Amino acid sequence: MAETARRISALEGRAYQGPGIALNPAAPASRLSLRAPEASLAALSKALGLILPRKPKTTAESGKRAALWLGPDEWLLIDEGGADLTVLCAKASALHSAVDISHRNTAILVAGEHTEDVLGAGCPQALSLARFPIGAASRTVFGKAEVVLWRIAEDAFRIECWRSFSYYVFSLLEKAAREV
Amino acid sequence: MLLIHCPYCEEERPELEFRHAGEAHIARPENIAEISDEEFQRYFFIRANPKGVTFERWRHMHGCGRFFNAARDTVSDRFLMTYMAGEPKPDLGKAGGGAVRSASRKGTPA
Ligand SMILES: [Zn+2]
């Protein structure tokens, strides 16, 4: 009998749907933690096929790939097409540090008219559309876990978290979602 | 909850994202192997710990990850100002009494 390995997501089988709120695990994606000085950004942007954003709390997207500004020399890259981002970065000879974190992180999609309220149950940041516009992203905390928030639509956020925290983050989201 | 202005993120963020990191503007002696035990003690252990305005290092641990400096009043817990690491200790005569503000906007595009 042939034995085959099956990839199981950290949040396999979890989902919640309530009035005005839906919680779903995001599809698998490749991810990269990129650190680089200002002088390397042009070469890395060319290698990655998008312009690495320099402004705090902003993102850049190209097709299924996105770069999220996390700090003055730090970006989180997410590619839902599954591209090997370390190979792309290796094409740039400019100084940088690129660490594949595809399996360190997982993501939860929060959508619906109550999204801000549900996130507000665990996140102390201002999440109004004026303070956290569409396309904005930020590292922050959700309950006791560190997360990266990315507003992908007026009423939808992507929450990137470490996979070992994902059960806790999903459970806290679900608890809040049941009470809005 | 306190809101602290991060000079790198260029906005006020909740205190839960930050960690205190000790007194600011303490320079490590360049001849550290040669100084006396008493001099090392003064550098390594002795802190001002004033009642009133103090200058501290803070880190935006769960944000941009950067260390920066802040002037804070230990009586009112009010942040008088924050500024980027490496900048000189500011003259609070000009900035005192304000809310949370950054001393500098340079370094990152607006
Ligand atoms: Zn910051």
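What's counted below: heavy atoms across the whole structure, side chains too, no hydrogens, waters or symmetry copies. So you know, we letter chains A, B, ... as the sequences are listed, proteins then strands, and number each from 1. Source: prediction; values computed, not measured.
- B:Leu16 and B:Met61 are members of different hydrophobic clusters when ILVMFWY side chains are connected at heavy-atom separations under 4.5 Å.
- Residues A:Pro56 and B:Tyr8 share a closest heavy-atom pair of CG-O, 3.4 Å.
- Scanning all heavy atoms of the two residues, the minimum distance from B:Gly63 to A:Arg139 falls at O-NE, 2.7 Å.
- Contact between A:Glu74 and B:Cys64 at its shortest, heavy atoms only, is OE1-O, 4.3 Å.
- Placement of A:Leu41 and A:Leu85 within a single hydrophobic cluster is found when ILVMFWY residues are connected by side-chain heavy-atom separations under 4.5 Å, directly or transitively.
- With rounding to the nearest 0.5 Å, the separation of OG in A:Ser138 from CD in B:Glu17 is 5.5 Å.
- Under a hydrophobic clustering in which Ile, Leu, Val, Met, Phe, Trp and Tyr are joined whenever their side-chain heavy atoms come within less than 4.5 Å, directly or via other members, A:Ile101 and A:Leu88 fall into different clusters.
- Summarising the local packing, OH of B:Tyr43 is surrounded by more than 12 heavy atoms from other residues, nucleotides or ligands at distances under 6.0 Å.
- No more than 12 heavy atoms of other residues, nucleotides or ligands shown are found within 6.0 angstrom of CD on B:Glu30.
- Looking at every heavy atom in both residues, A:Lys57 comes nearest to B:Glu11 through NZ-OE2, 3.0 Å.
- Around CZ of B:Arg28, the count of heavy atoms belonging to other residues, nucleotides or ligands within 6.0 Å does not exceed 12.
- Along residues 140-169 of chain A, the residues that come nearer than 4.5 angstrom to chain B, judged on non-hydrogen atoms, are A:Thr140, A:Val141, A:Glu146 in order of number.
- Remark: A:Ile134 CD1 is packed, more than 12 non-hydrogen atoms of other residues, nucleotides or ligands lying under 6.0 Å away.
- Taking 4.5 Å as the heavy-atom cut-off, the residues of residues 116-125 of chain A that approach chain B are A:Pro124, A:Gln125, ordered by number.
- A:Leu173 and A:Ile21 end up in the same hydrophobic cluster when Ile, Leu, Val, Met, Phe, Trp and Tyr side chains are linked at under 4.5 Å.
- One hydrophobic cluster, built from ILVMFWY side chains closer than 4.5 Å, cannot hold both A:Leu32 and A:Val87; they sit in different ones.
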